[in-house]
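Both backbone and side-chain heavy atoms feed into the values below; hydrogens, waters and symmetry mates do not.
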Amino acid sequence: MKALHIHTKPILLLCLAGTLLSCSRASNPDIERGTSYYFQDGHPEIRVSALGYLNLEDQPIISITTDIVHGSLIFREVEGVNTSEITLEIRIIGVEGTTYTDNYRTEFTITNEQEGYVTTQDVMKFEREMEVPPGNYEVVVSVIDQTSGNETIRTVNTYIPDPGDDIINLTSVQLLSKDNDGQNPRFLPVTTYDVPASMDSLRFLVQVTNNRSEDPLVVDARLLQFESDTSAARFMSSNNYSPSTMPYRGINYSNSEEVDISRRVLEQAGVVMIEYNFPLPERGNYRFEVNAASDNAEDLFKARDFSIKSENYPAIQTPRELAEPLAYLMSEDEYEQILSIQEPEQLKEAIDRFWLSNVQSTSRARQVISLYYERVEEANKQFSNFKEGWKTDPGMIYILFGPPWYVERRMNFMLWAYSYDRTDSRYNFTFERPKMRNEFFPFDNYLLNRSQQYFNQQYQQVQLWRTGAILDTNL
């Protein structure tokens, strides 16, 4: 079965419509997590990272990487070639006492001749280095699709130490990944919290500045894996999660396992870029942390959190990626049986049989399949946290019922309504967030308030999908 990448019309649930700025999120200045996903139909989808460091001449530099998702752009055929005209602008704004500002603007054309270019999740990486004075900066990146005139803006922050200061400094940790596909594989910056499992290896870069020759600097680094929930959402009519369970807690930062540790002692003064390389770890949530300490200075700490997700995350391409989200349409026996198939071609054939044996119309089955995996990819982008977005409770409801007609938030509660009648419990779903999002818990972990009364509702909705009747409803 062919991979499905559908140009979608989602509503923004985590970043409310009305602004194209990046989601405001609680951030710990010592722990970098990358930018969140952000997309709106017809608008460029971009992800940004910015790293401040000193080059070989001790010149302060901000290295900026912008990922532009092909499937979010509008392409036109020009002389037989599919093209999209893009304007990209970078604004460097000094903050917290830094007064320097700078702008960079460019226009370029993206061409794409591959099949499925309109919906592909492939990205074009745009990299730019800009010289600036030492200090704290806000980096604002905007991309305008010239065909539609729509603009997306993302904002990140970075800091560059002054090489003349008589103190030790530690830059933010930069995460890079290498994919061995292609003719010239190389390490490229990771702009998000999520790393697809298709990557071959990881590299972490951190720069240490020590201008005290008489004061050796000890740099300790650790790669930690955190205990976290990786399960798909429980059925709507099941019992609510107990506070002692991992789905309720989400991720447990107090319970970690050391994957790797290292120590380096820098005995000479100067600026040193330290590189750490690792093979890609198994799926899960991780932190790479660096501590720099000396006898006569305050200890410094920096970290980069990340998660290893499915092979092509957030896209759905491989048979395994197509099979796993069927958890919401299959019985437990059906699901266990299909996931037990290890050979990719046999698994793909089993997925085809599942859809065709239920929908019983090839053309109609294609439409249902497109809609289902369209929503899976949308869920991955809108609800991704410590696990894949489709596995979250909002992800499950979004896949089965589509975008809610109305969303209401208050404190830790969120209401999704699929009816104008707020008293109709069949089409109103309430989610509760056990823990507020903050700098130490940077995720929205909304859990559905489950009830036995949802049994018939979920059964009916699953049948709409399995028979193809979902195409004739407005949910």
Side-chain angles (χ1 to χ4, degrees), residues 5-12 14-25 32-52 62-78 81-93 101-114 116-130 132 137-158 174 188-194 313-315 377-378 380-382 384:
H5 306 284
I6 308 302
H7 200 51
T8 59
K9 296 185 178 180
I11 67 167
L12 294 178
L14 299 184
C15 303
L16 294 178
T19 177
L20 290 181
L21 294 175
S22 63
C23 295
S24 60
R25 63 177 177 86
E32 172 61 36
R33 297 186 175 95
T35 52
S36 58
Y37 297 107
Y38 178 87
F39 73 112
Q40 185 178 14
D41 186 59
H43 290 74
E45 183 183 343
I46 64 175
R47 306 155 195 165
V48 178
S49 72
L51 176 69
I62 298 181
S63 178
I64 303 156
T65 301
T66 303
D67 289 346
I68 304 174
V69 180
H70 281 210
S72 68
L73 304 176
I74 297 177
F75 286 83
R76 295 182 300 174
E77 186 174 325
V78 179
V81 179
N82 302 310
T83 63
S84 179
E85 305 291 333
I86 300 296
T87 299
L88 183 144
E89 182 176 7
I90 300 172
R91 285 174 285 164
I92 306 293
I93 305 169
T101 61
D102 195 8
N103 284 352
Y104 170 82
R105 183 183 177 92
T106 185
E107 296 183 357
F108 54 92
T109 300
I110 296 177
T111 61
N112 204 319
E113 300 179 1
Q114 69 179 23
Y117 68 92
V118 174
T119 56
T120 180
Q121 294 301 306
D122 291 344
V123 301
M124 187 206 78
K125 283 188 179 289
F126 180 89
E127 298 177 88
R128 175 78 180 179
E129 290 192 342
M130 300 178 70
V132 298
Y137 290 94
E138 184 177 78
V139 180
V140 182
V141 178
S142 68
V143 172
I144 301 174
D145 188 326
Q146 293 292 354
T147 301
S148 65
N150 291 331
E151 179 182 23
T152 300
I153 302 174
R154 303 303 302 264
T155 302
V156 294
N157 293 84
T158 192
Q174 184 179 33
L188 295 171
V190 176
T191 57
T192 64
Y193 177 75
D194 302 314
Y313 197 79
E377 288 192 0
E378 291 173 11
N380 279 344
K381 292 184 179 182
Q382 299 205 63
S384 182

Query raised in the report: With distance as the sole criterion, is a donor-acceptor pair present between the side chains of Tyr313 and Ser384 under 3.5 Å?
Result: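 On atom types as modelled, these side chains qualify, holding a pair under 3.5 Å.
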Query raised in the report: So, Asn380 and Tyr37: side-chain donor and acceptor under 3.5 Å apart, yes or no?
Result: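 Checked: Asn380/Tyr37 side chains show no N/O donor-acceptor pair below 3.5 Å.
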Give a yes or no on whether the backbone of [Y] and the side-chain of [X] come within a donor-acceptor separation of less than 3.5 Å.
X      : Y      : answer
Thr109 : Ser84  : no
Ser49  : Thr191 : no
Lys381 : Ala315 : no
Ser148 : His43  : no
Arg154 : Ser36  : yes
Asp67  : Ile46  : no

Query raised in the report: Centre of Tyr104's six-membered ring, under 6.0 Å away, within 45 degrees of the axis: is that where NZ or CZ of Arg128 sits?
Result: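 Yes, a cation-pi geometry holds between Arg128 and Tyr104.
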I need the [X] [atom1] to [Y] [atom2] distance, nearest 0.5 Å.
X      : Y      : atom1 : atom2 : answer
Thr158 : Gln174 : OG1   : CD    : 9.5 Å
Thr101 : Tyr137 : OG1   : OH    : 9.0 Å
Glu32  : Tyr193 : CD    : OH    : 12.5 Å
Arg47  : Thr65  : CZ    : OG1   : 13.5 Å

Requested in this report: Determine, stepwise, if the pair Asn157 / Val139 fulfils side-chain contact (heavy atoms from CB on, under 4.5 Å).
Outcome: CA-CA 6 Å; Asn157 293 84; Val139 180; over 6 Å; no
Requested in this report: Inspect the contact between Glu85 and Arg76 and indicate whether a charged nitrogen and a carboxylate oxygen are less than 4.0 angstrom apart.
Outcome: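 Looking at Glu85 together with Arg76, the answer is no, because their closest N to O distance does not fall below 4.0 Å.
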Query raised in the report: Excluding sequence neighbours, so at least two apart, what forms salt bridge (Lys or Arg N to Asp or Glu O under 4.0 Å) with Glu127?
Result: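 Expected list: Arg186.
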Query raised in the report: Can you name the residues that form a salt bridge (Lys or Arg N to Asp or Glu O under 4.0 Å) with Asp145, not counting sequence neighbours?
Result: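 Expected list: none.
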Would you say [X] and [Y] make side-chain contact, with heavy atoms under 4.5 Å?
X      : Y      : value
Ile68  : Val143 : yes
Thr35  : Val156 : yes
Ile110 : Thr83  : no

Report task. Carefully, step by step, assess Thr155 and Glu138 under the rule side-chain contact (heavy atoms from CB on, under 4.5 Å). Result -> CA-CA 7 Å; Thr155 302; Glu138 184 177 78; 3.3 Å; yes
Could you list the donor-acceptor pairs under 3.5 angstrom formed by side chains in residues 86-93, with sequence neighbours left out?
residue: Thr87; atom: OG1; partner: Gln146; partner atom: NE2; Å: 2.2
residue: Glu89; atom: OE1; partner: Arg105; partner atom: NH1; Å: 3.4

Requested in this report: Kindly assign one of parallel, tilted or perpendicular to the pair His70 and Phe75, based on the angle between their ring planes and the thresholds 30° and 60°.
Outcome: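 His70 vs Phe75 ring planes: tilted.
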What's the shortest heavy-atom distance between [X] and [Y], and which atoms?
X      : Y      : result
Glu377 : Pro314 : CG-O, 3.8 Å
Lys125 : Pro189 : NZ-O, 2.9 Å
Gly42  : Asn150 : O-ND2, 2.9 Å

